[in-house]
> 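What follows is a single structure, and I will ask about it in a moment.
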Amino acid sequence: MPKIVVLPHEEIAPEGAVLDASEGESVCDALLRHSIDIDHACEKSCACTTCHVIVREGYDSLAEADELEEDYLDKAWGLEPESRLSCQALVADEDLVIEIPKYTINHARE
């Protein structure tokens, strides 16, 4: 069973976390299932950027982002080459190390 290592985030995961994930499960679903309360304002429908994560290790194990995800990622705060929307990134057979950016563009919460 693959693991997701969440690097420490001041508000969401101050101590960081190591979670079990299922192959085919979205990174967002795995985080939420383990009480890592990542924003997901569009209810995981690939219509915002609030669940943006940076995949520090294991990026190549993920399927490529489609055009819609890429379009939304262009609007994300702190975009990096290894950025993904966690609602669209499906866990494969490799462990992942992810970083949740410090800021998010969540107009519903601001």
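Note that the structure is a prediction, hence the values are computed from the model and not measured.
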> List the residues meeting salt bridge (Lys or Arg N to Asp or Glu O under 4.0 Å) with Asp37, not counting sequence neighbours, and say none if there are none.
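Result, salt bridge (Lys or Arg N to Asp or Glu O under 4.0 Å) vs Asp37: none returned.
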> Which heavy atom in Lys44 sits nearest to a heavy atom in Asp29, and how many Å separate them?
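Here Lys44 and Asp29 meet closest at NZ-OD1, 2.6 Å.
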> Which residues satisfy the side chain to side chain contact (heavy atoms under 4.5 Å, CB included) test with Glu69, sequence neighbours excluded?
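Listed in chain order: Cys46, Ala65, Asp66, Leu73, Arg84, Leu85, Gln88.
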> Remaining members of Val55's ILVMFWY cluster at a side-chain heavy-atom cut-off under 4.5 Å?
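Via sub-4.5 Å side-chain contacts, Val55 links to Ile4, Val6, Ile12, Leu19, Val27, Leu31, Leu32, Ile36, Ile38, Val53, Tyr59, Leu62, Val91, Leu96, Ile98, Ile100.
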> Residues two or more places apart in sequence or in another chain: which of them pass side-chain hydrogen bond (donor to acceptor under 3.5 Å, both in side chains) with Glu23?
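Counting only residues at least two positions away or on another chain, Glu23 forms no side-chain hydrogen bond (donor to acceptor under 3.5 Å, both in side chains).
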> Quick one: closest heavy-atom pair of Pro14 and Pro8, and the distance?
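Smallest interatomic distance, heavy atoms only, reads O-CB, 3.5 Å.
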> Just jot down the side-chain hydrogen bond (donor to acceptor under 3.5 Å, both in side chains) partners of Asp95, sequence neighbours excluded, or say none.
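side-chain hydrogen bond (donor to acceptor under 3.5 Å, both in side chains) check on Asp95 returns nothing, list empty.
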> Return the CZ to SG distance between Arg33 and Cys28, rounded to the nearest 0.5 Å.
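The SG atom of Cys28 is 12.0 Å from CZ of Arg33, to the nearest 0.5 Å.
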> Taking side chain to side chain contact (heavy atoms under 4.5 Å, CB included) as the definition, give me every residue that meets it alongside Ser45, ordered by chain and number, with sequence neighbours left out.
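Partners of Ser45 by the side chain to side chain contact (heavy atoms under 4.5 Å, CB included) criterion, ordered by chain and then number, come out as Cys42, Ala47.
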> Of all heavy-atom pairs between Cys51 and Cys87, which one has the smallest distance, and what is that distance?
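Shortest heavy-atom separation between Cys51 and Cys87 comes out as SG-N, 3.3 Å.
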> Heavy atoms only: give me the nearest Pro101-Ile54 pair and the separation to one decimal.
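Residues Pro101 and Ile54, closest heavy atoms: CG-CD1, 4.2 Å.
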> Other hydrophobic cluster members with Leu7, side-chain heavy atoms of Ile/Leu/Val/Met/Phe/Trp/Tyr under 4.5 Å, chained?
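So far as hydrophobic clustering goes, Leu7 is joined with Val5, Val18, Val97.
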> Taking salt bridge (Lys or Arg N to Asp or Glu O under 4.0 Å) as the test, write out the residues that go with Glu57, two or more places apart.
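With sequence neighbours excluded, Glu57 shows a salt bridge (Lys or Arg N to Asp or Glu O under 4.0 Å) to no residue whatsoever.
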> Name all residues meeting the salt bridge (Lys or Arg N to Asp or Glu O under 4.0 Å) criterion together with Lys102; count only those two or more places apart in sequence or in a different chain, and write none if there are none.
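In terms of salt bridge (Lys or Arg N to Asp or Glu O under 4.0 Å), with neighbours along the sequence ignored, Lys102 is linked to no residue.
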> Of all residues at least two apart in sequence or in a different chain, which pass the side chain to side chain contact (heavy atoms under 4.5 Å, CB included) check with Glu94?
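With sequence neighbours excluded, Glu94 shows a side chain to side chain contact (heavy atoms under 4.5 Å, CB included) to Ser61, given in chain and number order.
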> Considering residues at least two apart in sequence or located in another chain, which fulfil the salt bridge (Lys or Arg N to Asp or Glu O under 4.0 Å) criterion with Arg56?
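In terms of salt bridge (Lys or Arg N to Asp or Glu O under 4.0 Å), with neighbours along the sequence ignored, Arg56 is linked to Glu80, Glu99.
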> Measure the spacing between OG1 of Thr50 and CD of Glu43 and express it to the nearest 0.5 Å.
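If I round to the nearest 0.5 Å, the distance is 9.0 Å.
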> So, Glu25 side chain and Ser22 main chain: donor-acceptor pair closer than 3.5 Å or not?
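Confirmed, Glu25 side chain pairs with Ser22 backbone.
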> Who passes side-chain hydrogen bond (donor to acceptor under 3.5 Å, both in side chains) against Ser83, sequence neighbours left out?
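For Ser83, the residues satisfying side-chain hydrogen bond (donor to acceptor under 3.5 Å, both in side chains) (neighbours in sequence not counted) are His52.
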